[in-house]
2 protein chains.
Amino acid sequence: MGMSVRDVATRAGVSVGTVSNVLNRPDKVSPSTVAKVRAAIEELGFVRNDAARQLRAGRSLSIGLIVLDVSNPFFTDVARGAEDRAAEDGLTVLLGNSDENEDREAAYVDLFEKQRVHGVLISPVGDASSRLDALHRRGIPTVLVDRPTTDDRFSSVAVDDVAGGYLAAQHLLETGRRTLAFVGGPQELRQVADRLAGAQKAVAEIADASLEYIATDGLTVLQGRKVGESIRERDATDLPDGLFAANDLVAMGLLQALSMLGALSVPEDIAIVGYDDIDFATAAVVPLTSIRQPSSLIGSTAVDLLMKEADASADFTREHVVFQPELIVRESSAPKA
Amino acid sequence: MGMSVRDVATRAGVSVGTVSNVLNRPDKVSPSTVAKVRAAIEELGFVRNDAARQLRAGRSLSIGLIVLDVSNPFFTDVARGAEDRAAEDGLTVLLGNSDENEDREAAYVDLFEKQRVHGVLISPVGDASSRLDALHRRGIPTVLVDRPTTDDRFSSVAVDDVAGGYLAAQHLLETGRRTLAFVGGPQELRQVADRLAGAQKAVAEIADASLEYIATDGLTVLQGRKVGESIRERDATDLPDGLFAANDLVAMGLLQALSMLGALSVPEDIAIVGYDDIDFATAAVVPLTSIRQPSSLIGSTAVDLLMKEADASADFTREHVVFQPELIVRESSAPKA
DNA sequence: TGACGCAATTGAAACATTTCATTTAGTGGT
DNA sequence: ACCACTAAATGAAATGTTTCAATTGCGTCA
């Protein structure tokens, strides 16, 4: 316990510098010395102290990732993509969950600054401008994840959510629905606002189509279920025939509430389209039509951009990558009979 | 950038010791000095360097958590419980995903040792004895999560999986099924072996009941789907009438494959019981009967045990907490008509 | 006025590593 | 026998924080 490089040096009968060399560039040390030192390390159970290492190096071998919701499979997929890519460069990903809460987000930004991480990948809550400003002022390379921007201070990786919203609504319209409703919130979430905007655009192109906005307080299964229950109790004349949920969790909640008691059937009475195409979407009560995003690709691309920025020259210009979403049709939006 | 406590001291016209005191025990410093120092910190944009802090302190303010599968909601719930509880003590949780892979697990153990974490919470892959031995040898407080043990070197928090397996099988038998099958693997996973053992026990108590074991290569939706597809193609005489899946992901895969093409109906032809009672279970094709574990309580309890060990005296004896699982009945196991 | 006590402040030491300018030892050439 | 050169090893300095023994300054009491 508490073995240091100095103890190893003493035991092996060499200097501390040599031990460090064995650790970091064994080719510069004679084979016999390497063997002696390795043996000493083994015998003493020496483990490098990362804190001291980082202190000397000036920064850590990790990158921070702040997501809006760890329990959303979309984000765990993004995280996995980032981890795998980071591991290639010998970096570790520190995963922080903001839970769509600005204070928690700020706490993680603080933590990562104190840890002197290589850089930060962040899916910001709201506009998060004060946190982002701070990051930029400190000169910490930052990549915005799932949030398009034209801000030259940050690279970004995102998916075109307006296009996604358009795809979803267009699909509902093409399968004969006219009274649509968008379910999700809060609108401060950029993802929500964009997907809604895309849907509105599609609806505006069809003369007799309408789009209602039903707000939720967050994008969870539970929130979806609550909305579903209230829809179930509506007067038949007041019923939408197509629902577009801001994400799959909400969509699954809706599905669950509507089909409960067999009150309304999906897709006959109401069609549902979700967003993210999480693994569970295909296993839902009624397999869910959804908008797919290349989630793990988003994560790995984010790390790519970060690494580019890390070893960049002065004239470096940041990239803004935007992926296109894809419509995945399943039963929950089968055409009206 | 690169501001140190020394820069702050210069700027504020005080000594470094005083700056440190302002940071750590402001009550020992005169109000006017506190104000001066705070102002300097603000102006310079000083951010404490955690590496230096940890180096001096000897250990970090984090605890490591290694789980078998981050994309399994059960484990994200455990993680959340741990994070919340850790935050109360000002500690951060570093989340590592072993993906049921011994090498990845070992890599995280190494990382956490190098980081000099407060302690490690680990849901071990297999018996993991070499990693656990190492942890113990280094004197790092370690809590086994979701893995019962009588080993006095480690505290543990677990759920009685044998009891859970028994509950599941008993329920299937009580609702009239006799030809059961257990789906899951590999058997090296203690969770799998125990749940199977519990099921076997229940089946043994009923004269004309049988239990088949269908192995999978991991506990994912995809693996479940594969088994489901093979079952769908079986001869009618060879069909089980009750399936017990090692976890909900597998159960959802089964459900999905079986109900696809309407080949077999759940629960009429085959009943299904899952394990973990993840949020999605209630939103499945057919709402899933499952065995519930107090997941976030497991996480918070693990941190509790860790903290007890951290400030323990010599005569300290470690605790082995075992929670009891609970049967949650839903449609997927409705009694045969 | 001098001594004492107390609060506030100081500054050097310690933490474990890496780096780098030097030193040491050994080899080959003339 | 001497020099030049290289490979290997050395050890002090530097990283940024916290701690703690020592010091300063100030007011109080005799």
Side-chain angles (χ1 to χ4, degrees), chain A residues 1-38 40-41 44-62 90 110-118 138, chain B residues 1-38 40-41 44-62 90 110-118 138:
Chain A
M1 218 184 330
M3 288 302 156
S4 81
V5 86
R6 176 159 273 108
D7 300 312
V8 174
T10 307
R11 173 80 170 219
V14 299
S15 72
V16 292
T18 299
V19 175
S20 180
N21 283 333
V22 170
L23 257 20
N24 300 302
R25 38 183 107 62
D27 45 308
K28 296 286 168 217
V29 182
S30 78
S32 70
T33 309
V34 170
K36 267 191 304 184
V37 172
R38 293 246 163 91
I41 288 176
L44 298 176
F46 164 79
V47 177
R48 252 222 208 65
N49 183 327
D50 253 4
R53 193 171 152 75
Q54 285 174 31
L55 172 57
R56 183 70 234 259
R59 65 177 172 174
S60 83
L61 290 172
S62 345
D110 275 6
L111 177 66
F112 292 156
E113 286 187 342
K114 288 192 290 197
Q115 307 248 38
R116 302 293 192 269
V117 293
H118 244 68
R138 301 262 145 65
Chain B
M1 220 181 334
M3 289 302 158
S4 80
V5 86
R6 173 157 276 108
D7 300 311
V8 174
T10 307
R11 174 78 170 221
V14 300
S15 72
V16 292
T18 298
V19 175
S20 180
N21 283 332
V22 170
L23 256 21
N24 300 302
R25 38 182 106 62
D27 44 309
K28 297 287 168 217
V29 182
S30 79
S32 70
T33 308
V34 171
K36 267 192 304 185
V37 172
R38 293 245 163 92
I41 288 176
L44 298 176
F46 164 78
V47 176
R48 253 225 208 61
N49 183 328
D50 253 5
R53 189 173 156 75
Q54 286 175 31
L55 174 56
R56 184 68 234 258
R59 63 178 174 176
S60 83
L61 290 172
S62 345
D110 275 6
L111 178 67
F112 292 156
E113 286 186 344
K114 288 193 290 198
Q115 307 248 37
R116 301 292 193 270
V117 294
H118 244 68
R138 299 264 143 66

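Just so it is clear, the structure is predicted and the values come from calculations on it, not from any experiment. Chain identifiers are assigned alphabetically (A, B, ...) following the order of the sequence lines, protein sequences preceding nucleic acid strands; residue numbering begins at 1 within each chain.
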If only atom types and distance count, is the side chain of Arg116(B) paired as donor or acceptor with the main-chain N or O of Glu113(B) below 3.5 Å?
yes

Under 4.0 Å: is that the gap between some side-chain N or O of Arg116(A) and OP1 or OP2 of dT15(D)?
no

Please tell me if Arg53(B) has a side-chain N or O lying less than 4.0 Å from either OP1 or OP2 of dT18(D).
yes

Identify which nucleotide among dA9(D), dA16(C), dG16(D) has an atom closest to any side-chain atom of Ala52(B), counting heavy atoms from C-beta outward.
dG16(D)

5'-most contact on DNA chain D: Arg6(A) or Val29(A), nearest heavy atom basis?
Val29(A)

Please report the distance, rounded to the nearest Å, between [atom1] in [X] and [atom2] in [N].
X: Lys36(A); N: dA9(D); atom1: NZ; atom2: P; answer: 7 Å
X: Leu61(A); N: dT17(C); atom1: CG; atom2: C1'; answer: 13 Å
X: Asp50(B); N: dT15(D); atom1: CG; atom2: P; answer: 19 Å
X: Asp27(B); N: dA8(C); atom1: CG; atom2: C1'; answer: 13 Å
X: Asn49(B); N: dG16(D); atom1: CG; atom2: C1'; answer: 6 Å
X: Lys28(A); N: dT19(C); atom1: NZ; atom2: P; answer: 13 Å

Residues in contact with DNA chain D, drawn from residues 10-25 of chain A - heavy-atom cutoff 4.0 Å
Val14(A), Ser15(A), Gly17(A), Thr18(A), Asn21(A)

For dT18(D), does the base pair up with any side-chain atom of Arg56(B) as donor and acceptor (N or O, under 3.5 Å, distance only)?
yes

Comparing Leu55(A) with Thr33(B), nearest DNA chain C nucleotide closer to 5' gives the residue Thr33(B)

Hey, what bend do you get for the helix from dT1(C)-dA30(D) to dT30(C)-dA1(D) if you fit axes on five pairs at each end, rounded to 10°?
60°

How long is the span from the NE2 atom in His118(A) to the OG atom in Ser60(A), to the nearest 0.5 Å?
7.5 Å

